[in-house]
Amino acid sequence: MKISFALPDDQTAPAMARRVVRQALAELGITADLVDDAVLAVSELVTNAVEHGGGPDRLELDHDSEQFTLSVFDRSTAPPEQRTPEPTAARSRGLLLVQAVATQWGSDPDGRGKGVWARFALRSRVET
């Protein structure tokens with residue numbers, strides 16, 4: 001199953017993405033701890049699209065019985081750059097956070113820019 005959401009090209013995009021992902025994953029029965037990890041990752045990916053990617057375009061959620069993938073599409077063809085900030089630096093940890101919570105992450109070119117994605121293995125599902 002794939003769901004796509006248009007994102008506004010402004011500073012409200014990360015908050016909107018967090019709300020949409022939290023609601024969609026809860027409706028799919030994903031465990032709360034994994035939802036929290038996904039919300040953190042999508043917040044960082046959308047913030048990067050706003051600040052470095054020429055603006056966000058859309059968010060896609062692709063889900064099956066074993067995993068789900070969050071993809072954030074932006075308008076830049078430049079690949080994401082993972083940085084290693086100084087310990088006292090206040091910024092530049094976004095992709096490090098995504099790497100810490102996701103099973104995998106990466107990027108792929110898109111006709112208008114690129115998609116940066118984070119994949120999460122389903123450890124367990126909430127029983128209904």
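No hydrogens, no waters, no symmetry mates; every other heavy atom, side chains included, goes into these values. For the single chain, residues carry numbers from 1 onward in sequence order.
Using a 4.5 Å cut-off between side-chain heavy atoms of Ile, Leu, Val, Met, Phe, Trp and Tyr, with links allowed through other members, Val72 and Trp105 fall into the same hydrophobic cluster. Both Leu45 and Leu61 sit in one connected hydrophobic cluster of ILVMFWY residues. Membership requires side-chain heavy atoms under 4.5 Å apart, directly or through other members. Using a 4.5 Å cut-off between side-chain heavy atoms of Ile, Leu, Val, Met, Phe, Trp and Tyr, with links allowed through other members, Ile30 and Val101 fall into the same hydrophobic cluster. Note on Val98 and Val20: same hydrophobic cluster, where clusters join Ile, Leu, Val, Met, Phe, Trp and Tyr whose side-chain heavy atoms are under 4.5 Å apart, directly or indirectly. Grouping the Ile, Leu, Val, Met, Phe, Trp and Tyr side chains by contacts below 4.5 angstrom, directly or via other members, places Trp117 apart from Leu96.
No side-chain heavy atom of Val21 sits under 4.5 Å from any side-chain heavy atom of Phe5. With contacts defined as side-chain heavy-atom distances shorter than 4.5 Å, the pair Ser71/Val116 does not qualify. Residues Glu66 and Leu122 are not in side-chain contact: their nearest non-hydrogen atoms beyond the backbone lie 4.5 Å or more apart.
With values rounded to the nearest 0.5 angstrom, Arg19 atom CZ is found 7.5 Å from Thr12 atom OG1. Interatomic distance, Glu51 CD to Gln11 CD, rounded to the nearest 0.5 Å: 6.5 Å. In this structure, Lys114 NZ and Thr77 OG1 are separated by 7.5 Å, a value rounded to the nearest 0.5 Å. To the nearest 0.5 Å, the span separating CG on Leu7 from CD on Glu60 amounts to 10.5 Å. Between the NE2 atom of His52 and the CG atom of Leu95 there is a distance of 8.5 Å, given to the nearest 0.5 Å. In this structure, CZ on Phe120 lies 13.0 Å from NE2 on His63, to the nearest 0.5 angstrom.
Remark: the Asp33 side chain and the Thr31 side chain contain an N/O donor-acceptor pair separated by less than 3.5 Å.
Considering every non-hydrogen atom in both Asp110 and Arg58, the closest pair reads OD1-NH2, 3.5 Å. Nearest heavy atoms, Pro56 versus Asp9: CD-OD1, 3.6 Å. In this structure, Gly94 and Glu44 approach most closely via the heavy-atom pair CA-OE1, 3.2 Å. Scanning both residues, Val46 and Ala17, for their nearest heavy atoms gives CG2-CB, 3.7 Å. Phe73 approaches Gly115 most closely through the heavy-atom pair CD2-CA, 3.6 Å. Summarising the geometry of Pro14 relative to Val50, their closest heavy-atom pair is CD-CG2, 4.3 Å, with the distance given to 0.1 Å.
A distance-only check finds a donor-acceptor pair linking the side chain of Arg75 to the backbone of Gly55 [under 3.5 Å]. Looking only at distances, a side-chain donor or acceptor of Thr103 sits under 3.5 Å from a matching main-chain atom of Ala121. Although no hydrogens or angles enter the test, the distance criterion places a donor-acceptor pair under 3.5 Å between the side chain of Thr47 and the main chain of Ser43.
Of the residues Val42, Val35, Val39, the one that meets the side chain to side chain contact (heavy atoms under 4.5 Å, CB included) test with Leu25 is Val35.
The environment of Gln67 atom CD is dense: over 12 non-hydrogen atoms of other residues, nucleotides or ligands sit within 6.0 angstrom.
The existence of a salt bridge linking Arg22 and Asp36 is confirmed by a sub-4.0 Å separation between a basic side-chain nitrogen and an acidic carboxylate oxygen.
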>> For Phe68 and Leu28: C-alpha separation, side-chain torsions, deciding distance, then whether side-chain contact (heavy atoms from CB on, under 4.5 Å) applies.
In response: CA-CA 10 Å; Phe68 66 90; Leu28 290 170; over 6 Å; no
